[in-house]
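One structure is given below, encoded as structure tokens.
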Amino acid sequence: MAKLSRTGTNAYVQDLWLLILRVGIGASMLTHGIPKLQMLMAGGDIAFADPFGIGDFWTLVLAVFAEVFCSGLLILGFLTRLAAVPLSVTMGVAFFMIHSADPFGKKEMALLYLLIYLTLLVLGGGNFSLDRVIRKR
């Protein structure tokens with residue numbers, strides 16, 4: 001008989017879904033983060049939203065850290081919960097601050113990303129993750 005998770009679903013299916021979710025959302029966010037990384041590496045004048053008043057450059061650095069580095073960690077399932085924190089903050093800022101005056105359809109994607117990152121923060125990376133491999137040792 002298949003082992004059931006606390007939610008009553010097959011634990012293998014739940015772990016498989018967490019793997020698919022992590023890899024899918026991490027790869028999707030990379031499509032937003034890599035252009036920002038290229039903008040950062042190109043140098044010159046940077047025009048980027050600065051909701052906290054720390055400067056365009058440093059705000060862009062933080063966005064690149066979350067969207068590229070933390071997305072990579074999610075894909076690997078390494079420090080999943082920790083990596084979900086900056087991603088959640090970034091998407092929360094995008095939804096509640098950067099796009100606050102925009103119609104819902106324009107800011108909806110940031111909310112969806114935020115909800116997925118909060119889900120990974122709560123559930124972790126699952127058994128098919130480097131977190132689990134390290135935890136078993």
Side-chain angles (χ1 to χ4, degrees):
M1 185 167 163
K3 180 181 172 193
L4 297 180
S5 71
R6 288 171 290 182
T7 61
T9 60
N10 181 302
Y12 176 81
V13 171
Q14 182 174 319
D15 289 325
L16 183 61
W17 178 246
L18 284 171
L19 170 66
I20 293 167
L21 184 68
R22 279 193 352 261
V23 172
I25 203 68
S28 294
M29 183 51 71
L30 283 176
T31 68
H32 299 278
I34 289 175
K36 290 179 180 84
L37 177 61
Q38 292 169 335
M39 183 187 339
L40 187 64
M41 293 176 68
D45 287 336
I46 294 173
F48 195 73
D50 182 22
F52 298 114
I54 61 174
D56 293 2
F57 174 79
W58 290 109
T59 305
L60 180 59
V61 167
L62 291 173
V64 167
F65 171 76
E67 294 180 10
V68 175
F69 182 73
C70 293
S71 290
L73 293 176
L74 277 188
I75 290 168
L76 296 172
F78 183 62
L79 302 173
T80 303
R81 286 187 166 113
L82 188 60
V85 171
L87 286 161
S88 297
V89 170
T90 301
M91 291 301 103
V93 168
F95 181 78
F96 292 108
M97 296 177 81
I98 304 302
H99 296 291
S100 63
D102 293 341
F104 185 75
K106 177 138 174 106
K107 59 186 173 182
E108 179 181 16
M109 187 177 294
L111 179 61
L112 294 173
Y113 274 111
L114 173 61
L115 292 171
I116 292 169
Y117 293 138
L118 291 175
T119 299
L120 290 170
L121 179 65
V122 170
L123 297 179
N127 281 333
F128 303 127
S129 67
L130 287 178
D131 291 337
R132 178 67 174 164
V133 171
I134 292 167
R135 196 170 46 239
K136 276 189 167 184
R137 288 183 179 177

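Source: prediction; values computed, not measured.
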So which heavy atom on [X] is nearest to which on [Y], and how close?
X	Y	answer
Gly124	Arg81	N-NH2, 3.5 Å
Glu67	Leu30	O-CD2, 3.7 Å
Ala63	Lys36	CB-CD, 4.2 Å
Met97	Pro51	CE-CB, 3.7 Å
Ser88	Tyr117	OG-CB, 3.3 Å
Ala83	Pro86	O-CD, 3.3 Å

Whether [X] side chain and [Y] backbone form a donor-acceptor pair below 3.5 Å:
X	Y	result
Lys107	Ser100	yes
Asn127	Asp15	no
Asp131	Thr80	yes

Min side-chain heavy-atom separation [X]-[Y] under 4.5 Å:
X	Y	result
Ile54	Leu62	yes
Phe128	Trp17	no
Met41	Gln38	no

Item checked: Given Val93, Thr90, Asp50, the one that forms side-chain contact (heavy atoms from CB on, under 4.5 Å) with Ile98 ->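 Testing each of Val93, Thr90, Asp50 against Ile98, the sole residue satisfying side-chain contact (heavy atoms from CB on, under 4.5 Å) is Val93.
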Next item on the list: List the steps, then state whether side-chain contact (heavy atoms from CB on, under 4.5 Å) holds for Ile25 with Leu87.
Entry: CA-CA 11 Å; Ile25 203 68; Leu87 286 161; over 6 Å; no
What distance separates [X] [atom1] from [Y] [atom2], expressed to the nearest 0.5 Å?
X	Y	atom1	atom2	result
His99	Met91	NE2	CE	8.0 Å
Ile134	Ser129	CD1	OG	8.5 Å
Leu121	Ile116	CG	CD1	13.5 Å
Arg22	Leu73	CZ	CG	11.0 Å

Check: Is Leu16 reachable from Leu74 through a run of hydrophobic residues whose side-chain heavy atoms are each under 4.5 Å from the next?
Finding: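 In one cluster: yes.
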Check: Same cluster or not: are Leu112 and Val89 linked, directly or through other Ile, Leu, Val, Met, Phe, Trp or Tyr residues, by side-chain heavy atoms under 4.5 angstrom apart?
Finding: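 As far as the 4.5 Å side-chain criterion goes, Val89 and Leu112 are not connected within one cluster.
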Item checked: Chi angles and distances behind the side-chain contact (heavy atoms from CB on, under 4.5 Å) call for Phe57, Leu40 -> CA-CA 8 Å; Phe57 174 79; Leu40 187 64; 3.5 Å; yes
Notebook entry, point to check: Is atom CE of Met39 surrounded by more than 12 heavy atoms (other residues, nucleotides or ligands) closer than 6.0 Å?
Noted result: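 Yes, enclosed.
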Checklist line | Phe69, CZ: over 12 other non-hydrogen atoms inside 6.0 angstrom | finding: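 No, CZ of Phe69 has 12 or fewer neighbouring heavy atoms, counting only those of other groups under 6.0 Å.
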Margin query: So, using ring-ring contact (aromatic ring centres under 6.0 Å, His included) as the criterion, who are the partners of Phe95 when residues are at least two apart?
Written below: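 In terms of ring-ring contact (aromatic ring centres under 6.0 Å, His included), with neighbours along the sequence ignored, Phe95 is linked to no residue.
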Next item on the list: Evaluate side-chain contact (heavy atoms from CB on, under 4.5 Å) for Leu18 paired with Leu120, printing each intermediate quantity in order.
Entry: CA-CA 8 Å; Leu18 284 171; Leu120 290 170; 4.1 Å; yes
